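Order of the sequence lines sets the chain letters (A, B, ...), proteins ahead of strands, with each chain counted from 1. The structure presented is a predicted model; accordingly, all values stated were derived computationally and were not measured.
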Amino acid sequence: MNVFRLAGDMTHLLSIIILLLKIRATKSCTGISLKTQELYVIVFLTRYLDLFTKYISFYNTTMKLVFLGTSISIVWYMRYHKVVKQTYNKDQDTFRHYFLAIPCFLLALLIHHEFTVIEVLWTFSIYLEAVAILPQLVLLQRSRNIDNLTGNYVFLLGAYRALYLVNWVYRYFTENHLVRWIPWLSGLVQTTLYADFFYYYIKSWKNNEKLQLPA
Amino acid sequence: LQQDSVKDEL
């Protein structure tokens with residue numbers, strides 16, 4: 001494992017820790033899209049089916065279990081915790097799941113590496129992860145007030161896939177020049193979706209202003 | 001072009 005991959009994983013993990021911290025410490029999930037969080041549960045459930053079929057490393061298994069556990073607990077807090085659920089911006093979080101999930105599933109049926117259940121579901125999870133942030137970005141745009149923890153959460157979540165892109169370039173040149181179009185292109189799309197957010201995040205940070213996205 | 005199916009990433 002190279003340093004970019006590790007940095008990417010740690011950024012991803014940190015983003016989730018920040019989100020859980022926000023929810024647990026402030027007992028609030030304002031500004032967080034439940035739609036996006038539910039899509040991440042689907043992403044992890046469909047991607048990590050190989051937990052049962054293939055052992056890669058202790059690190060790999062542990063991280064997979066952590067991502068599954070934390071994403072499920074975030075959704076649990078937002079849906080069922082008696083205080084947290086009242087802070088959920090339901091009226092603004094209107095993006096439809098199936099607008100994203102169904103096209104991704106059809107695309108995975110058409111474009112995949114191998115036509116097996118595990119491989120198609122893995123491919124579906126890669127496509128879905130690329131666009132799963134959209135409900136969150138829409139919600140942020142509608143929010144007049146983005147708190148720091150939410151802003152940092154989304155920034156780290158975007159930075160994670162950007163670091164994976166660097167990792168893939170590094171692996172291409174240091175390993176056997178293997179081409180992996182499905183994750184590469186999806187990861188590129190995923191990172192591009194954050195471009196606008198990154199711009200305003202960095203601008204607000206430089207000017208020491210509160211983060212706000214133009215409507 | 002070779003395509004890789006190794007899933008050692010997260």
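- The candidate from Trp168(A), Tyr59(A), Phe67(A), Phe44(A) with the greatest count of non-hydrogen atom pairs under 4.5 Å with chain B is Trp168(A).
- Looking at Asp9(A), Val66(A), Ile56(A) one by one, the single match for side chain to side chain contact (heavy atoms under 4.5 Å, CB included) with Leu10(B) turns out to be Asp9(A).
- The residue among Met63(A), His12(A), Arg5(A) with the most heavy atom pairs within less than 4.5 Å of chain B is Arg5(A).
- At most 12 heavy atoms of other shown residues, nucleotides or ligands fall within 6.0 angstrom of atom CH2 in Trp205(A).
- Few gaps surround OH on Tyr55(A); more than 12 heavy atoms of other groups in view lie less than 6.0 Å from it.
- In this structure, chain B has heavy atoms under 4.5 Å from both the backbone and the side chain of Asn60(A).
- Open room surrounds CZ on Phe105(A); 12 or fewer heavy atoms of other groups in view lie less than 6.0 Å from it.
- No side-chain heavy atom of Ile118(A) sits less than 4.5 Å from a side-chain heavy atom of Lys7(B).
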